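Following: one structure in structure tokens, then a few remarks.
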Amino acid sequence: MEKRLLQIGVLASGSGSNLQAIIDDIESGNLPAKIAVLIVNKSQAGAVERARKHGIPSLIISHKNFSRREDFDAALVKALQEHGVELVVLAGFMRVLSPVFFAAFPQRVMNIHPALLPAFPGVDAQEQAFNYGVRFAGCTVHFVDEGVDTGPIIIQAVVEVQPDDTRDSLAKKILAQEHRIYPQAIKLYAAGRLEIKGRKVIIRDCQTPAIGCTNPSCEEG
Ligand code: GAR
């Protein structure tokens, strides 16, 4: 019998390296999911070319064509629903979503943020962390709520800041970890192992630190 694949919709604004990490994990057979559609809000987003190379349908829906945020979000929702999307994955999507979007996909939107939330939300988190002088930086996969980078945390990964790091070398180290933990988080979702309890995400049947789970809300980890 064929394995049922989680239908995911990816929203991106940029180069799409996180999209690529998800594609690679799916193609290697590690992630039982299918990218039903990629939607970008910028026509020059590199993510489109990556999707094309892998036969993934993509759409460009520019926020500039809508005077109200809610109308842009409604257009995104319509396209995602038309493609049968069950989980929405924000991969470098640089727009804040409105309640219209969350009403259509309640607790079914994930994001990757290049900082150890709740530190350094918003734009250019890597630069914020670097300029602040932190000793440790990292990234966070979280469910998205109506705030900016405030939703329940699924997985985080930590990188050390070395004395010779620059903003860019730090961003590169963080990105490598993003590519590791985002597919992991989607895989946990696909397996039905994530449960949101208030602010916390419980990872069910988490017996091994192999997924890099240092989440104190993990019941067995
Ligand atoms: C990634 O670093 C991602 O964490 C960040 O944008 C980059 C997209 O890179 N997202 C945010 O800052 C969202 N607040 P990519 O297009 O190569 O995946």
Side-chain angles (χ1 to χ4, degrees), residues 8-27 31 33 35 37-54 56 58-63 69 72-73 76 87-98 101-102 105 109-132 134 136-159 161 165-186 212:
I8 65 181
V10 177
L11 303 191
S13 304
S15 89
S17 71
N18 276 289
L19 166 73
Q20 189 68 52
I22 297 164
I23 293 172
D24 293 347
D25 222 39
I26 290 173
E27 291 188 351
L31 177 56
I35 301 178
V37 67
L38 164 75
I39 304 177
V40 298
N41 64 319
K42 294 182 175 178
S43 56
Q44 69 278 24
V48 173
E49 177 58 11
R50 294 183 193 267
R52 195 195 57 75
K53 281 193 183 144
H54 294 268
I56 296 165
S58 64
L59 298 170
I60 299 164
I61 303 180
S62 172
H63 56 281
R69 186 184 292 277
F72 171 59
D73 286 1
L76 295 176
L87 176 70
V88 180
V89 169
L90 308 184
F93 185 64
M94 305 310 266
R95 304 291 305 172
V96 174
L97 295 166
S98 67
F101 196 91
F102 299 110
F105 293 100
V109 186
M110 270 187 200
N111 181 43
I112 180 101
H113 183 73
L116 292 173
L117 290 171
F120 312 120
V123 293
D124 214 342
Q126 305 95 327
E127 188 160 310
Q128 291 184 54
F130 182 74
N131 289 343
Y132 198 91
V134 297
F136 296 93
C139 49
T140 304
V141 182
H142 62 97
F143 283 109
V144 183
D145 63 12
E146 286 168 21
V148 176
D149 302 321
T150 52
I153 291 170
I154 303 167
I155 304 182
Q156 294 187 301
V158 178
V159 304
V161 183
D165 266 324
T166 61
R167 182 260 173 225
D168 288 349
S169 67
L170 179 61
K172 202 170 159 192
K173 286 196 279 193
I174 294 171
L175 194 60
Q177 293 303 312
E178 294 183 37
H179 298 163
R180 187 175 67 81
I181 66 171
Y182 212 0
Q184 283 179 349
I186 298 167

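For clarity, every value in this text was computed on a predicted model and none was experimentally measured. Ligands are counted one by one from 1 in listed order, and the atoms in each one are counted from 1 as well.
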In terms of the angle between their ring planes, are F72 and F93 parallel, tilted or perpendicular, with boundaries placed at 30° and 60°?
-> parallel
Supply the atom-to-atom distance H54 NE2 to L19 CG, rounded to the nearest 0.5 angstrom.
-> 8.0 Å
Any heavy atom of A125 sitting closer than 4.0 Å to ligand 1?
-> no
Any side-chain heavy-atom pair from V134 and L116 closer than 4.5 angstrom?
-> no
Any N/O of N111 closer than 3.5 Å to an N/O of ligand 1?
-> no
State, yes or no, whether a side-chain contact exists between V88 and L97 at a heavy-atom distance under 4.5 Å.
-> no
Would a 4.5 Å heavy-atom cut-off, applied to side chains only, mark D124 and R167 as touching?
-> yes
Judged by heavy atoms only, the candidate from A115, G92, S13, G14 nearest atom 7 (C) of ligand 1 is G92
For atom 16 (O) of ligand 1, the option (of A47, G16, G122, A45) bearing the nearest heavy atom | G16
Identify, for atom 2 (O) of ligand 1, the protein heavy atom at the shortest distance, and state residue, atom and that distance.
-> E178 OE2, 2.9 Å
Q20 heavy atom under 4.0 Å from ligand 1 | no
Going by the order shown, which atoms of ligand 1 are within less than 4.0 Å of some heavy atom of M94?
-> 11 (C), 12 (O), 13 (C)
For atom 9 (O) of ligand 1, find the nearest protein heavy atom and state the residue, atom name and distance (0.1 Å precision).
-> N18 ND2, 4.1 Å
Taking every heavy atom of S98 against every heavy atom of R69, the minimum-distance pair comes out as CB-CD, 4.1 Å
Can you list the ligand 1 atoms lying under 4.0 Å from a non-hydrogen atom of H113?
-> 14 (N)
Among V10, I186, V109, whose side chain to side chain contact (heavy atoms under 4.5 Å, CB included) with L87 holds?
-> I186
Examine ligand 1 and decide if any of its atoms is less than 4.0 Å from a heavy atom belonging to A12.
-> no
Do me a favour and list the nearest non-hydrogen protein atom to atom 5 (C) of ligand 1 with residue, atom name and distance?
-> P114 CD, 3.9 Å
Hey, are D24 and Q20 close enough side-chain-wise for a donor-acceptor pair under 3.5 Å?
-> yes
Which of the atoms of ligand 1 are close to Q126, meaning less than 4.0 Å from one of its heavy atoms?
-> 2 (O)
Out of N18, I22, I112, which residue meets the side chain to side chain contact (heavy atoms under 4.5 Å, CB included) rule with H179?
-> N18
shortest atom 17 (O) of ligand 1-to-protein heavy-atom contact is with S17 OG, 2.6 Å
